[in-house]
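Shown next, in structure tokens, is the structure this report addresses.
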Amino acid sequence: MASPAPPFRYSHALARKGYQVNAVELIEHNIDVFRKNTASGEPVTITQGNAMDLSAFGSDSYDITLLLGPMYHLFTSEDQPKAPSEAVRVTKRGGIVFAAYCMSDASILQYGFLRGNIRKLMENSMVDPETFETFSSPKDLFALNRKEDIDALRGRFPVTQLHFMAADGFAHYMRETVAQMDNETYALYLNYHFAACERADMIGYSNHTLDIFRKDG
């Protein structure tokens, strides 16, 4: 299992369930933290590397590949296809790829309108004043997408989409409310989120989405 992203909790969680995990991380500090949190005997390795170049890993090698982070920080049309291309390459035929994205409309609503920065975003040519399309660059930290952008990118590879879902849904808009929920109410909220997370009319409001697809062949 290749994990070309900051591979903390989910890599350890999967390894502790008995899966063999090979994690990839770009930042040396993060690797140090990862190793300090690796339990004795845990079936996990970590390699310093870049999700856009997984040449250290063979083609058709992994049942599942997690691309949970790199797409947040790839801004150019040249770089964006490289990480999913490599993720698909190292995945076995019939294997599954999970790719996470940051969504543009959630950022417009939260940072733009809720925090009062919408005019600033437009003045800096970061948001189109008519279509509200976003334009991200490395100085903005996160690359923002709409579903049609993600669909177009996935369409370049020999894969079949299985699911497209909201990772956090509406939770970020009601953080204080969620934080104050008792256990029973929080369990109900999770049930609601799982019931609604693939609804097409809800997904765009999520800060993060998860694109799940199978490698064909």
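Start at 1 with the first residue, then count along the sequence.
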Pair Asp151, Lys147 - check salt bridge (charged side-chain N to carboxylate O under 4.0 Å, His left out), show working. CA-CA 6 Å; Asp151 289 340; Lys147 186 176 184 295; 2.9 Å; yes
Under the salt bridge (charged side-chain N to carboxylate O under 4.0 Å, His left out) criterion, do Lys82 and Asp79 qualify, and how do the steps go? CA-CA 5 Å; Lys82 292 179 181 178; Asp79 285 344; 3.6 Å; yes
Does a salt bridge link Lys120 with Glu123, judged by any charged N lying under 4.0 Å from a carboxylate O? no
Is Tyr205 close to Gln110 at the side-chain level, that is, under 4.5 Å between some pair of heavy atoms? no
Would a 4.5 Å heavy-atom cut-off, applied to side chains only, mark Met103 and Asn207 as touching? no
By the ring pair (Phe, Tyr, Trp, His ring centres under 6.0 Å) test, which pairs, at least two apart or in different chains, include something from residues 133-175? His73-Phe142, Phe170-Tyr173
Between Ser61 and Phe57, is there a donor-acceptor pair closer than 3.5 Å when you use the side chain of the first and the backbone of the second? no
Leu109 versus Leu114: any side-chain heavy-atom pair under 4.5 Å? no
Apply salt bridge (charged side-chain N to carboxylate O under 4.0 Å, His left out) to residues Arg154 and Asp211 and explain how you reach the verdict. CA-CA 9 Å; Arg154 185 193 333 99; Asp211 193 22; 2.8 Å; yes
Taking atom types as modelled and ignoring hydrogens, do the side chains of Tyr62 and Asn22 form a donor-acceptor contact shorter than 3.5 angstrom? yes
Tyr72: what forms a ring pair (Phe, Tyr, Trp, His ring centres under 6.0 Å) with it, not counting sequence neighbours? His208
Non-hydrogen side-chain atoms of Val97 and Val159 separated by less than 4.5 Å: no
Yes or no on salt bridge (charged side-chain N to carboxylate O under 4.0 Å, His left out) for Lys215 and Asp60, after CA distance, side-chain angles and deciding distance? CA-CA 10 Å; Lys215 181 175 177 178; Asp60 303 308; 2.7 Å; yes
Side chains of Pro81 and Leu153: closer than 4.5 Å at any heavy-atom pair? yes
Can you find a pair of side-chain heavy atoms, one from Ser206 and one from Met165, that are under 4.5 Å apart? no
Donor-acceptor pair, Arg35 side chain versus Asn30 backbone, under 3.5 Å? no
Would you check if Val24 and Leu54 make a side-chain contact, meaning some heavy-atom pair closer than 4.5 Å? yes
When the ring planes of His193 and Tyr189 are compared, do they come out parallel, tilted or perpendicular, using 30° and 60° as the limits? parallel
